[in-house]
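Take a look at the structure set out below.
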Amino acid sequence: MISVKGLTKKYVTGKTDFFALSGVDMEIGDGEFVAITGKSGSGKSTLLNIIGTLDEPTSGVVTVDGEDISKFRPKAVAAYRNKTVGFVFQAFYLEPSYTVYDNVELPLILAGKTGDNGDKINAALNMVGLGHKSAEKARTLSGGEQQRVAIARAIVNDPRYILADEPCGNLDTTNSDNVMKILADLHAQGKTVIMVTHDAEDAAKASRIVTMSDGKIVKDEKTA
Ligand code: ADP
Ligand code: MG
């Protein structure tokens, strides 16, 4: 379980303090599919990045199974980013000149698994329907396909949590639907999915919608 308590993030701009997060409390149980929604600038990415240790709060704590993630030593941080969470970003961030296969293998190599990773990589690529594109260079794929490769890369280490920040933000409707279907399938397989989106239709596909405004949670509801 992820527990967020009293989270704030302050930016000092000139003479004034600006709070990107101003006191966020929430719990995310294992197996949930949570959409974090709200207007641009409401603090969604900041919250997700702090949960993923890509950013640090000004105050407050995030615990995973009771462990304060800010207290992790460097090795534990690396393991957390590599194996506990899998990230998917709006802009995919693939290595364009690498093959699809090599892109998906990267987290395994970073985790020190340099042996034969074929089964894991093929399973991840099949999960996103791209087994047949394994040998293609990432840059030759469409945006929708690139995002699916990014999802394969995020799941190849079998993480507990999928953290997705506007995963459909650069995609057309058809490709968005494909990506949303994959996230729903991962949720059905037992993964905990935390997805930032400003799209109400995508948010409605989650099992819980958390709405942010001005760095605060203003609504938290289960969907049907
Ligand atoms: P969202 O993802 O909901 O669009 P963000 O979490 O990215 O919002 O940002 C929340 C607020 O924090 C925004 O108003 C943004 O401009 C501000 N912010 C983010 N990073 C910085 C920074 N490095 N310096 C100053 N303000 C920032
Ligand atoms: Mg954002």
Side-chain angles (χ1 to χ4, degrees), residues 1-91 93 107 110 154 157 159-167 169 183 186-187 190-200 202-203 206-223:
M1 185 181 80
I2 295 176
S3 168
V4 173
K5 284 204 186 89
L7 216 58
T8 74
K9 179 72 181 184
K10 181 172 85 174
Y11 290 109
V12 182
T13 44
K15 280 184 188 162
T16 53
D17 292 347
F18 172 78
F19 283 88
L21 296 179
S22 57
V24 172
D25 297 282
M26 73 184 299
E27 287 188 346
I28 299 172
D30 287 0
E32 286 201 67
F33 182 0
V34 184
I36 300 175
T37 192
K39 289 200 188 103
S40 176
S42 57
K44 306 180 298 292
S45 295
T46 305
L47 175 60
L48 195 75
N49 288 341
I50 291 172
I51 290 171
T53 70
L54 299 184
D55 196 357
E56 288 174 356
T58 303
S59 65
V61 210
V62 177
T63 61
V64 174
D65 294 342
E67 271 199 90
D68 182 346
I69 64 173
S70 73
K71 300 266 156 55
F72 285 160
R73 306 231 162 220
K75 257 194 181 172
V77 174
Y80 179 80
R81 287 180 193 159
N82 190 255
K83 293 184 200 136
T84 306
V85 297
F87 284 100
V88 180
F89 299 100
Q90 179 170 356
Y93 296 129
L110 288 172
N157 265 325
R160 271 173 74 180
Y161 303 106
I162 312 287
L163 307 183
D165 193 349
E166 303 278 6
L183 292 176
L186 288 167
H187 172 234
K191 298 283 187 205
T192 307
V193 180
I194 309 174
M195 173 186 70
V196 163
T197 181
H198 63 266
D199 185 285
D202 288 346
S207 50
R208 174 180 171 193
I209 304 176
V210 172
T211 308
M212 297 190 66
S213 177
D214 294 333
K216 287 193 187 74
I217 292 176
V218 292
K219 211 177 197 192
D220 188 341
E221 55 191 351
K222 298 254 191 271
T223 55

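Here, residue 1 is the first one in the sequence, and each next residue gets the next number. Basis for what follows: all heavy atoms, side chains included, without hydrogens, waters or symmetry-related copies.
Distance check: Leu163 CG to Leu54 CG gives 8.0 Å after rounding to the nearest 0.5 Å. The CZ atom of Arg160 lies 14.5 Å from the NZ atom of Lys83; values are rounded to the nearest 0.5 Å. For the atom pair CD1 of Ile69 and CD1 of Ile2, the computed distance is 8.0 Å after rounding to the nearest 0.5 Å. Interatomic distance, CG of Asp220 versus CE of Met26, reported as 6.0 Å (0.5 Å rounding). The CD1 atom of Ile194 sits 11.5 Å away from the CG atom of Asp165 when rounded to the nearest 0.5 Å. Atoms OH and OG1, from Tyr11 and Thr46 in turn, are 5.0 Å apart once rounded to the nearest 0.5 Å.
For Asn82, the side chain to side chain donor-acceptor pair (under 3.5 Å) partners at least two apart in sequence or on another chain are Asn157. Listed by chain and number, the residues in a side chain to side chain contact (heavy atoms under 4.5 Å, CB included) with Gln90 are Glu166, Asn170 (sequence neighbours excluded).
Residues Met212 and Leu21 have side chains in contact (heavy-atom distance under 4.5 Å, counting atoms from C-beta outward).
Nearest heavy-atom pair, Phe87 versus Ala154, reported as atom, atom and distance to 0.1 Å: O-CB, 3.5 Å. Taking both residues in full, the closest heavy atoms of Pro159 and Gly86 are given as CB-N, 3.7 Å, listed atom of the first, atom of the second, then distance. Nearest heavy-atom pair, Val24 versus Lys216, reported as atom, atom and distance to 0.1 Å: CG2-CA, 4.5 Å. The shortest non-hydrogen separation linking Gly38 to Thr211 is CA-CG2, 4.5 Å. The minimum heavy-atom distance linking Pro167 with Ala164 is given by the pair CG-CB, 3.8 Å.
Note on ring orientation: taking the six-membered ring where Trp is involved, the planes of His187 and Phe33 are tilted (angle from 30° to 60°). Taking the six-membered ring for Trp and thresholds of 30 and 60 degrees, Phe89 and Tyr93 have ring planes more than 60 degrees apart, a perpendicular arrangement.
Formation of a donor-acceptor pair under 3.5 Å by the Lys5 side chain with backbone atoms of Glu27 is not found in this model. For the pair Thr197 (side chain) and Ala203 (backbone), a donor-acceptor distance under 3.5 Å is absent. Here the side chain of Thr58 pairs a donor or acceptor atom with the backbone of Lys10 at under 3.5 angstrom. In this structure, the side chain of Lys222 does not engage the main chain of Ser207 through any donor-acceptor pair within 3.5 Å. For Asp65 (side chain) and Met1 (main-chain N/O), a donor-acceptor pair under 3.5 Å exists by modelled atom type. Judged purely by atom type and a 3.5 angstrom limit, Lys39 has no side-chain atom pairing as donor or acceptor with the backbone of Ser213.
Checking each of Ile36, Val64, Val4, Val34 against Ile28 for a side-chain contact (heavy atoms from CB on, under 4.5 Å) leaves exactly one that passes, namely Val34. Each of Asp25, Val62, Val61 was compared with Leu7 under the side-chain contact (heavy atoms from CB on, under 4.5 Å) criterion, and only Val62 meets it.
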Under the criterion side chain to side chain contact (heavy atoms under 4.5 Å, CB included), I'd like the reasoning laid out for Ile51 against Tyr161: C-alpha separation, chi angles, the key distance, then a yes or no.
CA-CA 10 Å; Ile51 290 171; Tyr161 303 106; over 6 Å; no
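Side-chain polar atoms of Ser59 and Thr8 form a donor-acceptor pair below 3.5 angstrom. Side-chain contact of Asp68 with Ser70: a donor-acceptor pair under 3.5 Å is present, judged by distance alone.
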